[in-house]
Student: 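This is the structure, below, for whatever I ask next.
What you see is a predicted model, and the numbers here were worked out from it, not measured in a lab. Atom set for the values below is all heavy atoms of this structure, side chains included, hydrogens, waters and symmetry mates excluded.
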Amino acid sequence: MKISATLLAVAALALAANTADAKGCLKGAAVGGVAGHYAGHHGVLGAIAGCAYGRHHAKEQARQHQEQRDAPAAQPNQPPAGQEKL
């Protein structure tokens, strides 16, 4: 009885939880874990730091991609920025 109640509770929590947005975290955690392991047997700390950095890097790339999409198209008769007529 306890096992079925536990499984039911776990299933309810799994369905109720929002999906995690882990872009960059998995790759960063893998690289950080390996680097931390070889740098003094701190694989868990390396994985945490790698996940944080990977997530930050993914956010920056997404922000830059969004800015490029939202930027208005340059008009053909205007010179590029920094090359105005004197």
Side-chain angles (χ1 to χ4, degrees):
M1 181 66 181
K2 286 183 182 182
I3 293 175
S4 62
T6 303
L7 290 175
L8 182 62
V10 169
L13 289 174
L15 292 174
N18 292 335
T19 59
D21 190 14
K23 287 185 179 178
C25 183
L26 297 176
K27 185 188 291 186
V31 172
V34 170
H37 172 73
Y38 285 110
H41 300 288
H42 297 292
V44 174
L45 291 175
I48 292 170
C51 177
Y53 175 75
R55 181 70 191 119
H56 169 73
H57 187 67
K59 277 185 175 180
E60 287 294 317
Q61 283 185 333
R63 183 186 57 79
Q64 288 176 356
H65 186 276
Q66 184 68 28
E67 285 177 358
Q68 287 176 353
R69 272 195 339 201
D70 291 345
Q75 295 182 6
N77 59 356
Q78 289 184 346
Q83 297 181 3
E84 295 85 17
K85 292 182 179 179
L86 297 175

Student: Using a side-chain heavy atom cutoff under 4.5 Å and only I, L, V, M, F, W and Y, what cluster partners does L45 have?
Tutor: none

Student: Checking A47 now: which residues fulfil side-chain contact (heavy atoms from CB on, under 4.5 Å) with it, not counting sequence neighbours?
Tutor: A29

Student: To the nearest 0.5 Å, what is the distance between NZ on K27 and CZ on R55?
Tutor: 14.0 Å

Student: For Q64, enumerate each residue passing the side-chain hydrogen bond (donor to acceptor under 3.5 Å, both in side chains) test, keeping only those at least two apart in sequence or located in another chain.
Tutor: none

Student: So, using side-chain hydrogen bond (donor to acceptor under 3.5 Å, both in side chains) as the criterion, who are the partners of H57 when residues are at least two apart?
Tutor: Q61

Student: Check which hydrophobic residues are tied to V44 through side-chain heavy-atom contacts below 4.5 Å, counting indirect links as well, and list them.
Tutor: I48

Student: For H37, check ring-ring contact (aromatic ring centres under 6.0 Å, His included) against everything at least two apart and list the hits.
Tutor: H41

Student: Would you please name every residue forming a side-chain contact (heavy atoms from CB on, under 4.5 Å) with E67, sequence neighbours left out?
Tutor: R63

